[in-house]
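What you see is a predicted model, and the numbers here were worked out from it, not measured in a lab. Letters A, B, ... mirror the listed sequences (proteins, then strands); counts begin at 1.
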Amino acid sequence: MNYWLMKSEPDCFSIDDLKRVKVEPWDGIRNYQARNMMRDDMKVGDKALFYHSNASKETGVVGVMNIASEAYPDPTQFDPKSDHPDPKSDPENPRWLLVDVKFAEKLPRTVTLAELKTKKTLHKMRLLQKGNRLSIMPVKKAEFDYIIKLSAK
DNA sequence: GCCAACGTTGGC
DNA sequence: GCCAACGTTGGC
């Protein structure tokens, strides 16, 4: 099983939104590295941390979800009214993919970015590397478990 | 709102 | 293939 971290701006789609709808197509990914990971490495049943980025309140890890589908074409790329249309994407060979994610749990508290930065165990996390902008990234099982444990304190 | 870091685009 | 210009991300 693989572990992931997926970012969303809470003003756009938050952990509470996911809790309400249960399953959501994770659309809008327009980055090749992120797309390739969804396509090549994500499996149904993988676990992902839900991360609130650019949050007006607290930026950090807020929940857990499960990957609920294989990668399939992101319909919003063909919708001119969507937030991220891509007129250059060929419907016969769609450029952008998404996966469905399923709500698993909301953490008892937000594990903030500031807190993650103070932990030696997490120093190597991709999330904490300078200039990191990937919205989907792999997380090690040890890192995943450690963050879950932190949230219980 | 600012700005650093990064990815993408397009001219050459 | 290089690289400048531009757009986006995301922390602060």
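- Taking atom CG of A/D86 as the reference point, atom P of B/dT8 lies 12 Å away to the nearest angstrom.
- Sorted by first and then second residue, the side chain to side chain donor-acceptor pair (under 3.5 Å) pairs involving residues 110-129 of chain A (not counting sequence neighbours) are A/R109-A/E115.
- If you measure from atom CG of A/L134 to atom P of B/dT8, you get 10 Å, rounded to the nearest angstrom.
- One finds no side-chain N or O of A/Y51 lying less than 4.0 angstrom from the OP1 or OP2 phosphate oxygen of C/dT9.
- Comparing C/dG10, C/dC12, C/dT9 by their nearest atom to the side chain of A/H84 picks out C/dT9.
- Looking at every heavy atom in both residues, A/L127 comes nearest to A/L113 through CD2-CD1, 4.4 Å.
- Taking 4.0 Å as the cut-off between side-chain N and carboxylate O, A/D16 and A/K19 do not count as a salt-bridged pair.
- Taking only side-chain atoms of A/N54, from C-beta outward, the nucleotide of B/dT9, C/dC12, B/dT8 with the closest atom is C/dC12.
- To the nearest angstrom, C1' of B/dT8 lies 10 Å from CZ of A/R95.
- Shown here for A/D40 and A/K43, the closest heavy-atom pair between the two residues is O-NZ, 3.6 Å.
- Per the geometry, CD belonging to A/Q33 stands 14 Å off C1' belonging to C/dT9, to the nearest Å.
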Interface polar pairs with nucleotides 1-7 of chain C, N/O, under 3.5 angstrom:
none

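- The CE-C1' distance, from A/M125 to C/dG11, rounds to 16 Å in whole Å.
- Taking atom CG of A/L113 as the reference point, atom P of C/dT9 lies 18 Å away to the nearest angstrom.
- With distances taken from any side-chain atom of A/K88 to the nucleotides B/dT9, C/dG11, B/dT8, the minimum falls on B/dT9.
- The ring of A/Y51 has its center no closer than 6.0 angstrom to the ring center of A/W4.
- Looking at A/K141 and A/D145, a side-chain N of the basic residue comes within less than 4.0 Å of a carboxylate O on the acidic one, giving a salt bridge.
- C/dT9 atom P lies 13 Å from atom CD1 of A/I136, rounded to whole Å.
- When each of A/R30 and A/K130 is assigned the nucleotide of DNA chain B with its nearest heavy atom, A/K130 is the one assigned upstream, toward the 5' end.
- In this structure, the CD atom of A/E58 is 13 Å from the P atom of C/dG11, given to the nearest Å.
- Closest to the A/K117 side chain, of the nucleotides B/dT8, C/dC12, C/dG10, is C/dC12.
- Contacts of A/D86 classified as side-chain hydrogen bond (donor to acceptor under 3.5 Å, both in side chains), with partners at least two apart in sequence or in another chain: A/R95, A/W96.
- Contact between the side-chain N/O atoms of A/K7 and the OP1/OP2 oxygens of C/dG10 is found at a separation under 4.0 Å.
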